[in-house]
**Q** 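This is the structure, below, for whatever I ask next.
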Amino acid sequence: MNTTIDFTHIGPAVGDLFPDVALPDQHGRTIDLHQTRAGRRAVVLFHRSAGW
Amino acid sequence: MELQRTLPDFARSGVALFAISYDSVAVLAKFAETHGIHYPLLSDEGSYTIRRLGLFNEHVYEHHAAYGIPKRDMFWGVPYPGAFLLDEEGRVLEKRFQQSYRERETGVAILEHGFGGKSSLPKAEVQTQDEEVTVRATLESDSYRWFQRLWLTIELSLAPGIHVYGQPIPDGYIPLSVDVAPIDGLEVGAPEFPPPHPYRIEGLDEGFVVYERNVVVSLPLTFTKEGEDQTLHVTVRYQACSDEGCYPPQAMLLQVPVKAADLVEWSRRK
């Protein structure tokens, strides 16, 4: 049986300001998450590889 | 992909979408082109951001072992799978993470359960009723994909003055319950009931907790096998009562059809 992971303390916590993230997108353009959000709500999805 | 299909609904709800993985820009470019993805797929090659945010998946080998997948170096570096929901100020509203990357939530679930938005994608919906109670079963999508988590919602509308029992409940009474008949390759999670409220009947010592008017029960379903169209057999049990007395216990059967997603796309291509 796998360990059940408690995500409460993994990554930014509920109520925290999500940290600044700036990474290249699929076109190679650097995307600043909060700047691009431009005051909108957002989903930040973490996923495994798109290559396998 | 499914999230891309939900993108217009996210936009209408004023929600921006970002995905982060450890892939190179080249891998993401190919993926975006193949699947027609228009939201930002961010490349965290080397997993530096994933580490900085404390999301480096330390359990990935353990989960692979459970699926019988051999250990491979390239698996190391993936994040824990899931999503952060942010408010207008950029604060974390909710964390929706999965135990294993095989499980996935749909964009519809994130939008509707997480943000209270409304998706325009087709759902599977059936309804049945007796004189006091209408029962509606809605599966958040009319089709399933392998290891995607789909929420089944059961909504009861009770006539005025009618209540059904919640739990805990004294012996001999029938609480509201929802059961999905087992199907090979279907995992059914525990139903989530809203909190019932206390109810007292004049002249009776026993106390009850009950539901009135509208009751919404949700349960997560995951299909772990690919292939065939399925029908969910959902049984909703309850006993409807008023202050005067009770109706006989009911077991409402709802049959919810759900298609296998790949077959849907295949038949559309033909």
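As the structure is a computational prediction, the values presented were derived from the model and not from experiment. Residue numbering restarts at 1 for every chain, and letters A, B, ... go by the order of the sequence lines.
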**Q** Determine whether B/Phe97 and A/Ile10 make a side-chain contact, defined as any pair of heavy atoms from C-beta on separated by less than 4.5 Å.
**A**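 Of all side-chain heavy-atom pairs linking A/Ile10 with B/Phe97, none is under 4.5 Å.
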
**Q** So does B/Leu93 get a backbone contact from the side chain of B/Asp87, meaning a donor-acceptor N/O pair under 3.5 Å?
**A** no

**Q** Can a donor-acceptor pair be found, under 3.5 Å and without considering hydrogens, that links the side chain of A/Arg41 to the backbone of B/Ser13?
**A**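 Yes.
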
**Q** If you count heavy-atom pairs within less than 4.5 Å of chain A, which of B/Gly114, B/Gly107, B/Gly54, B/Gly77 leads?
**A**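 Among B/Gly114, B/Gly107, B/Gly54, B/Gly77, the one with the most close pairs to chain A is B/Gly54.
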
**Q** Side chain from CB out, backbone as N, CA, C, O: work out which of these in B/Arg96 comes under 4.5 Å of a heavy atom of chain A, or both, or neither.
**A** neither

**Q** Do you know which of A/Asp25, A/Thr36, A/Val43 has the most heavy-atom pairs under 4.5 Å to chain B?
**A**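 Among the listed options, the one with the most contacts to chain B is A/Val43.
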
**Q** By a 4.5 Å heavy-atom criterion (distance strictly below it), what part of B/Phe115 contacts chain A: side chain, backbone, both, or neither?
**A** both

**Q** At a 4.5 Å cut-off on heavy atoms, which part of A/His47 comes close to chain B: side chain, backbone, both, or neither?
**A** both

**Q** Between B/Glu125 and B/Lys123, does any NZ, NE, NH1 or NH2 come within less than 4.0 Å of an OD or OE carboxylate oxygen?
**A** no

**Q** Could you tell me which of B/Val15, B/Thr34, B/Leu28 has the largest number of non-hydrogen atom pairs under 4.5 Å with chain A?
**A** B/Val15

**Q** Counting only non-hydrogen atoms closer than 4.5 Å, does B/Thr49 touch chain A with its backbone (N, CA, C, O), its side chain (CB onward), both, or neither?
**A** side chain

**Q** Parallel, tilted or perpendicular: which fits the ring planes of B/Trp76 and B/Phe56, with parallel below 30° and perpendicular above 60°?
**A** perpendicular

**Q** Which atoms of B/Ile110 are under 4.5 Å from chain A, going by heavy atoms: the side chain, the backbone, both sets, or neither?
**A** side chain

**Q** Using non-hydrogen atoms only, which part of B/Ser24 is less than 4.5 Å away from chain A: side chain, backbone, both, or neither?
**A** neither

**Q** Only counting residues at least two apart or in another chain, list the ones meeting side-chain hydrogen bond (donor to acceptor under 3.5 Å, both in side chains) with B/Lys118.
**A**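 None.
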
**Q** Let me know if A/Thr8 has heavy atoms under 4.5 Å from chain B in its side chain, its backbone, both or neither.
**A**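 Looking at A/Thr8, just its backbone touches chain B.
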
**Q** So, the side chain of B/Asp229 versus the backbone of B/Ala260: is there a donor-acceptor pair under 3.5 Å, distance only?
**A** yes

**Q** Return the set of residues passing ring pair (Phe, Tyr, Trp, His ring centres under 6.0 Å) with B/Trp146 (not counting sequence neighbours), or none when no residue passes.
**A** none

**Q** With only heavy atoms counted, which part of B/Ala19 is less than 4.5 Å from chain A, the side chain, the backbone, both or neither?
**A** both

**Q** Name the region of B/Glu94, side chain, backbone, both or neither, that has any atom closer than 4.5 Å to a heavy atom of chain A.
**A**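 Answer is backbone: N, CA, C or O of B/Glu94 sit under 4.5 Å from chain A.
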
